[in-house]
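Below: the structure, in structure tokens.
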Amino acid sequence: PITFFIILAVVYFMLRNFTLSVLGQLNIVAILVWGVGLLILCGESINSVTVVIAPILLAISISDSIHILSHYSDRYRTNGHDHSAAVKDAIKDLWYPCLFTSLTTFAGYLSFTTATVRPVITVGIFTAIGVMIAYAMTMIFVPSLLMTTGSIVQKTLKPRQQEPVSSGKDRITEAMVLIGKGVAARPGGVCLLFLLLTVLATLGVKDLRFETDFVSYLKDSNPIKQDIRFIEKNIRGTVPVELVIRAKSPEHDFTHPEGLKKLEQVQRSLMNYGEGHFTSSFSVADYIREMHGAFTGGTSASAAIPESQNDITDYYELGDAAILKRSVSLDRMEARVSVASKFGSSKSSEKFTRFLDSDIRPLLGDRYNLHFTGMSALYITMDRNLKYSQAWSFASALAVITLMMFFVCRNVKLTIISLIPNLFPIFVTFGVMGWFNIPLDAATIMIASITIGLAVDDTIHFITWYRRSREAGRDTREAVLQALEDAGKPIVMTSVVLCLSYLVLVLGSVKPIIAFGALASLAMFFALLGDLFILPALILIFKPDIRPSRCFAEKEEEGTSEDLDCELAEALE
């Protein structure tokens, strides 16, 4: 709900029209119902990861609506108050860039399917589907709403052709043009400034670390965290760590005193590890020792492992089957050592695995095999899978998005230029994480893939309008200024909406989600700076060669400007 009303407020502030704002909200409500409804109909559930789908869909789905409504508003005020023509022009001019912005975002989220953690895969699949639903709904439902409510909308808009030329642009558009002129005056200085920011980010990136501690995810005031800390302090650890030790031959199985004494040695080493990290341990050696003490009249403190294999075999026959079943296999070749551990980070778990290799395995010698399992091992495996899968996810998303950007730019130099302002926010955000000691975890590790998929959207709109101006015969400087005038306002609007929508997540109670919201919001802000400053500066410096297209030249000779026909023909070609 907070995201919904933030979007409503931002769109109203930018468009200065309550009716258009409400139409945009109706569209995103319909998209949200489709997206989340599909998730539930497919048998999925809302959990601590998939809960982000709804606010993400809200923020993403409004982007195309903002471009359509903003463009409609501008065309309506400048075309002589022709409502129907303004609606058609908005769809005709924006279907192509909006298609590619949706496809790049679709690719960014679909790349999550390379993950091995199922909730992350679920977020990727259903958010990607929701993005394409949003595109279809925006291209069909928004124009339908505009045409249906035409009489209401027209009462709230005034044509601009009778206004003085100096007031023909709103303040945001005028600010975009001023930014463009400033960048055009010193493109080298702009690039140098952002290069310095990148160098500063590099110093932070080198300190970036990956770490998870599931209890630390909760705030100190959370009752679950308080209960866990109380149990760990006063009773025992809450995380089970399991070691499975298997004898390589029957001569050394756990009916022999040697095998049980090995289990005791392992337990003592574990309890001496990590200054109280482990609070208790249990194995079949403890059970056999207790039984032997009871049968020989000793005490628990003085009980020892029997020296006779026959005694041990008898205790197995007399013992509680339920306890033995959990502690040792039926063939007595495999035994389990269960240790209670306090919650710790993935870093402490990795340290423990090194301890197993350096101390426990040599202790067992060549007669026994060791297998580390339990919740702690599961966390280590999940952390490792998250790191590798998200690296592959980002790489695959970048590859697909680069290919799509080439179709938008149709120029190798312009394609390379367009990627730089979209990699910049990712790099700087990672630098900020390193500077402020914010680790990559199950949530924040998704920032790179999400940012590249969303940040490129505004770049596509800028490039599309820039190409149109160049193909219409304008030089590089004029085309850059015209692109900022045509697309600057909706670019700012969508970026502000994304920044504030992600920022809403800081109101949550799970720390990784809070960090994800804050960092994603920061990344969207830097992406906006990249599109308004870095991208124009790079274009002005390197001047990618874009020639007027044959199609546009023919249309100019005929005195028409059917951009839709030209772009469709070129796309098909």
Task: T138 side, atom OG1; I31 side, atom CD1 - distance, nearest 0.5 Å - done: 4.5 Å

Task: Pairs involving residues 29-51, ordered by first then second residue, that meet salt bridge (Lys or Arg N to Asp or Glu O under 4.0 Å) (sequence neighbours left out) - done: E44-R118

Output side-chain donor-acceptor pairs under 3.5 Å for residues 235-247, partner residues at least two apart or in another chain, one line each.
residue : atom : partner : partner atom : Å
T238    : OG1  : E232    : OE2          : 3.0
E242    : OE1  : R336    : NE           : 2.8
E242    : OE1  : S338    : OG           : 2.7
E242    : OE2  : R336    : NH2          : 3.3

TODO: Applying salt bridge (charged side-chain N to carboxylate O under 4.0 Å, His left out), name anything that partners K261, two or more places apart in sequence or on another chain.
DONE: E307

Open item on the list: With a 4.5 Å cut-off on side-chain heavy atoms, are F430 and W435 touching?
Closed with: no

Task: Separation between OG of S45 and CD1 of I40, rounded to the nearest 0.5 Å - done: 7.0 Å

- [ ] Under the salt bridge (charged side-chain N to carboxylate O under 4.0 Å, His left out) rule, collect the residues that match up with E251, sequence neighbours excluded.
- [x] none

Task: Selection residues 30-61 - residue pairs positive for ring pair (Phe, Tyr, Trp, His ring centres under 6.0 Å), sequence neighbours left out - done: none

Open item on the list: So for atom CG, which belongs to L196, do other residues, nucleotides or ligands contribute more than 12 heavy atoms lying within a distance under 6.0 Å?
Closed with: yes

Open item on the list: Do D207 and M433 have side chains that approach each other closer than 4.5 Å (heavy atoms only, starting at C-beta)?
Closed with: no

Open item on the list: So does L363 get a backbone contact from the side chain of K262, meaning a donor-acceptor N/O pair under 3.5 Å?
Closed with: yes

Task: Pair T105, D457: side-chain N/O donor-acceptor within cut-off below 3.5 Å - done: yes

Open item on the list: Ignoring hydrogens and geometry beyond distance, is a side-chain donor-acceptor pair present between Q226 and D220 at under 3.5 Å?
Closed with: no

Open item on the list: Quick one, F295 with Y315, criterion ring pair (Phe, Tyr, Trp, His ring centres under 6.0 Å). Give me CA distance, side-chain angles, the key distance, then yes/no.
Closed with: CA-CA 10 Å; F295 274 93; Y315 294 147; 5.5 Å; yes

Open item on the list: For the aromatic rings, using the six-membered ring if either is Trp, is the centroid distance between F194 and F526 under 6.0 Å?
Closed with: no

Open item on the list: Please check: side-chain N/O of D531 versus main-chain N/O of L528, any donor-acceptor pairing under 3.5 Å?
Closed with: no

Open item on the list: Counting the benzene-type ring for Trp, do F106 and Y135 have ring centres under 6.0 Å apart?
Closed with: no

Could you tabulate the donor-acceptor pairs under 3.5 Å formed by side-chain atoms of residues 316-327, not counting sequence neighbours?
residue : atom : partner : partner atom : Å
Y316    : OH   : F254    : O            : 2.6
D320    : OD1  : A322    : N            : 2.9
S327    : OG   : I323    : O            : 2.9

